Amino acid sequence: MSLDIIVFPCLSDNYGFLLRCVQTGKTACVDTPDAAEISKQIEARGWGLDYILNTHHHPDHTGGNKALKRKYGARVIGPKAEESRIPHIDDAVSEGGAFTLGDCPAQIWDTPAHTAGHISYYFEDAAAIFVGDTLFALGCGRLFEGTPAQMWTAMARYNTLPRATQVYCAHEYTLSNARFAETIETDNTALDDYIISAKAKREHNIPTVPTTIGAERDANPFMRADQDSVAKAVNMIGATPSDILGEVRRRKDAF
Ligand SMILES: [Zn+2]
């Protein structure tokens, strides 16, 4: 089994993703921010679209479901806990469930916090995880429908993945997240190096997505809420990682 993954920008700062099982030719997109752009990317490769994999219900993730389903006959897969809010959903999935793109299996992880039913798709054999708006390069999603404890549970679980795992986040927020991350850990050389590399990419209009679990583990203040340096930065030594993440998130919201 092997999986081709295409990343392309759309809308103002979203990323679209196309996945194709090389052996079977089965194709999926993760979320549907922009039906026209996704169609264009499909047509440019002479592909079809067998599945739409939704991570959560926000319109910049599901807005193209109807048009793409109608055009390609794709099956819409989405989070069970948001079933009523996912337009044109066919199959509702949740923790412990599985999805297979041709020969390429994915685990479904419940990662609520940004929204109440947000899920992630983990293709272990391909060393790739699609995290929607839960984890961002140097950041995490806003807590619209969940708690800091839920977000920390997701971060701690992502932290258990192999460091080389490719992380596909749904937005290009990296340089803005970097400006904030620098205010938390002022003495983290991994963060400094990360920012230099991200700035160089953005200067040439290159996506900073995918990132890797290892890079986020070393530099992302939300993935590092269990580290003494982050606790110290927010004057919360001895507090739980959930509470520390909550404080870092509160500061980011006000940044
Ligand atoms: Zn969202």
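In what follows, every heavy atom counts, from backbone to side chain, and hydrogens, waters and symmetry copies are set aside. Note that this is a predicted model, so its numbers are computed, not measured. For ligands, and for the atoms within them, numbers begin at 1 and follow the listed sequence.
Angle ND1(His58) to the Zn ion (ligand 1) to NE2(His114), rounded to 10°: 90°.
The Zn ion (ligand 1) has an N, O or S atom of His56 inside 2.8 Å of it.
Using modelled atom types and a 3.5 Å distance limit, the side chains of Asn65 and Thr32 yield a donor-acceptor pair.
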Atom pairs and distances, donor-acceptor, side-chain atoms in residues 232-243, under 3.5 Å, two or more places apart:
residue : atom : partner : partner atom : Å
Thr240  : OG1  : Asp243  : N            : 3.1
Thr240  : OG1  : Asp243  : OD2          : 3.4

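A distance of 6.0 Å or more separates the ring centres of His114 and His57. Here His171 and Phe136 bring their ring centres to under 6.0 angstrom of each other.
Its N, O or S atom nearest to the Zn ion (ligand 1) is what matters here, and for Asp133 that atom is OD2.
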